[in-house]
Protein chains: 2
Amino acid sequence: MKLTSKGRYAVMALADLARFDNVNPVSLRDISLRQGISLDYLEQIFSKLRKKEIVQSVRGTQGGYVLNKKAKEIKLTNIFDAVDEKVKTVQCKKESKKGCHGKSTKCLTHNLWDELENHIKNFFEKKNLEDLVKDNIERRI
Amino acid sequence: MKLTSKGRYAVMALADLARFDNVNPVSLRDISLRQGISLDYLEQIFSKLRKKEIVQSVRGTQGGYVLNKKAKEIKLTNIFDAVDEKVKTVQCKKESKKGCHGKSTKCLTHNLWDELENHIKNFFEKKNLEDLVKDNIERRI
DNA sequence: GTATACTTGACTATTTTAGTCAGGTTTATA
DNA sequence: TATAAACCTGACTAAAATAGTCAAGTATAC
């Protein structure tokens with residue numbers, strides 16, 4: 001089980017953005033340099049974040065991206081959803097042919113994965129961008 | 001983020017095994033049939049489980065595998081460890097060149113991944129095989 | 001008008017996953 | 001003691017996912 005880079009980068013980049021608290025647009029170039037993420041890859045990620053209205057773009061010179069809501073209102077769940085980072089634990093979907101529907105013996109662990117999924121989602125649901133920024137300021141003191 | 005099949009299969013197979021509560025050895029063939037997992041793949045997985053002393057093998061006709069401890073004493077953590085299923089959240093290892101050591105700006109989210117890792121490990125640490133079997137019996141009533 | 005920065009979509013090398021395949025060894029039982 | 005059931009090992013591989021790169025734009029502030 002692992003987190004992919006896309007999700008990690010999205011959170012890292014938004015945390016970077018959040019430090020400016022909606023004042024100035026931040027260019028992807030700056031984020032790329034500070035966080036060590038390829039510019040092209042950032043563009044892919046921000047395209048998704050914009051479509052899900054997590055950020056707003058400001059075009060032209062001195063342009064960049066701004067948060068579309070307050071940092072406190074952006075939950076990590078929202079971020080992961082936007083970049084298609086999913087918590088996949090089991091293939092027993094109702095639609096798919098594979099999986100455990102119908103046969104009782106195949107379901108031994110079905111409940112478990114459901115619980116795990118909720119456990120993780122719960123973590124992301126409780127965390128927001130502001131928490132991240134605060135945590136950083138505190139640790140710097 | 002996802003769980004790989006190897007980890008899922010390991011847990012499914014052991015849950016199957018646990019139902020027999022250390023009495024009769026269970027053949028991989030049977031598990032393969034009941035759980036719909038390829039025999040060859042099961043052998044790979046059980047080879048690891050045996051090395052980590054989670055199961056014992058019984059050779060010969062009527063042979064198979066038996067749990068090496070009581071179901072209650074086998075935590076999911078142990079199982080995932082045995083089959084190398086890892087909770088990887090971040091690459092900021094102390095040894096690697098990549099990562100965030102040295103530069104403060106790169107660490108914006110470091111703490112977060114640590115927390116997440118602990119959150120998930122905690123879940124696996126609290127669950128054991130007996131829980132799984134019990135859960136199944138209860139649901140069958 | 002031009003540099004800066006966003007926007008989009010196609011492409012690709014690498015890695016991981018989820019197995020398969022082949023060729024064993026061991027041992028209970030007939 | 002023959003043999004079949006079952007374990008055991010390691011090498012191999014197709015397919016999918018990942019982590020990007022590359023190319024060719026468009027919009028806008030100055």
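These numbers come from the heavy atoms of this one structure, side chains and all, not from hydrogens, waters or symmetry mates. First the proteins, then the strands, lettered A, B, ... as listed; each starts at 1.
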Run the side-chain donor-acceptor check on residues 41-51 of chain B: report pairs under 3.5 Å with partners two or more places apart or on a different chain.
from    : atom 1 : to      : atom 2 : distance (Å)
B:Lys48 : NZ     : B:Asp84 : OD2    : 3.0

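Nucleotides of DNA chain D nearest to A:Asp40 and B:Ser47 differ in position, and the one nearer the 5' end is that of B:Ser47. When the nearest nucleotides of DNA chain D are assigned to B:Val58 and A:Gly60 by heavy-atom distance, the more 5′-ward of the two goes with B:Val58.
Inter-residue side-chain proximity for A:Asn128 and A:Leu76 is flagged as unmet; no heavy-atom pair is nearer than 4.5 Å.
Applying the salt bridge (charged side-chain N to carboxylate O under 4.0 Å, His left out) criterion to A:Lys75, with sequence neighbours excluded, gives A:Glu125. Evaluation of the side-chain contact (heavy atoms from CB on, under 4.5 Å) rule for A:Gln62 yields no partner, not counting sequence neighbours. Contacts of A:Lys127 classified as side-chain hydrogen bond (donor to acceptor under 3.5 Å, both in side chains), with partners at least two apart in sequence or in another chain: B:Glu115.
Within the structure, a side-chain polar atom (N or O) of B:Ser57 is placed less than 4.0 Å from OP1 or OP2 of D:dC8. For A:Ser38, a side-chain nitrogen or oxygen approaches OP1 or OP2 of D:dT21 to under 4.0 Å. B:Tyr9 has a side-chain polar atom (N or O) that falls below the 4.0 Å cut-off from OP1 or OP2 of C:dG19. Under 4.0 angstrom from either OP1 or OP2 of D:dT18 there lies no side-chain N or O belonging to A:Ser5. For A:Arg50, a side-chain nitrogen or oxygen approaches OP1 or OP2 of C:dT7 to under 4.0 Å.
Rounded to an integer number of Å, the gap from CG of A:Leu42 to P of D:dT21 is 10 Å. The distance between atom CD of A:Gln62 and atom C1' of D:dC30, rounded to the nearest whole Å, is 9 Å. The nearest whole Å value for the distance from the CG atom in B:Asn68 to the P atom in D:dC7 is 15 Å. As rounded to whole Å, 13 Å separates atom C1' of C:dC6 from atom NZ of A:Lys51. Summarising the geometry, the separation between OH on A:Tyr41 and C1' on C:dC6 is reported as 19 Å, rounded to the nearest angstrom. One atom, CZ of B:Arg29, and another, P of D:dC7, lie 11 Å apart when rounded to the nearest Å. Spacing between atom CG of B:Leu17 and atom C1' of D:dA6 amounts to 14 Å, rounded to whole angstrom units. Atom CD1 of B:Ile45 is separated from atom P of C:dA18 by 10 Å (rounded to the nearest Å).
Of the N and O atoms on the side chains of A:Gln35 and A:Asp16, at least one donor lies less than 3.5 Å from an acceptor on the other residue. A:Arg8 and A:Ser5 are linked by a side-chain donor-acceptor pair at a separation below 3.5 angstrom, with hydrogens and angles left out of the test.
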Next item on the list: Could you summarise the pairing of DNA chain D as dot-bracket text, marking Watson-Crick and G-U pairs under 3.5 Å with ( ) or [ ] inside the strand and | across strands?
Entry: ||||||||||||||||||||||||||||||

Item checked: Full working for side chain to side chain contact (heavy atoms under 4.5 Å, CB included) between A:Val66 and A:Asn24 -> CA-CA 7 Å; A:Val66 193; A:Asn24 315 78; over 6 Å; no

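Remark: the backbone N or O of A:Asp30 is paired with a side-chain donor or acceptor of A:Ser27 at under 3.5 angstrom. Not a single donor-acceptor pair under 3.5 Å links the side chain of B:Ser57 to the backbone N or O of B:Tyr65.
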Could you list the protein-to-nucleotides 11-16 of chain D atom pairs, N/O on both sides, closer than 3.5 Å?
none

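Interface remark: the A:Glu43 side chain does not form any donor-acceptor pair with the C:dC6 base, using a distance-only criterion of under 3.5 Å.
Contact annotation for B:Tyr65: backbone-only contact, meaning every heavy-atom pair under 4.0 Å involves sugar-phosphate atoms and none involves a base.
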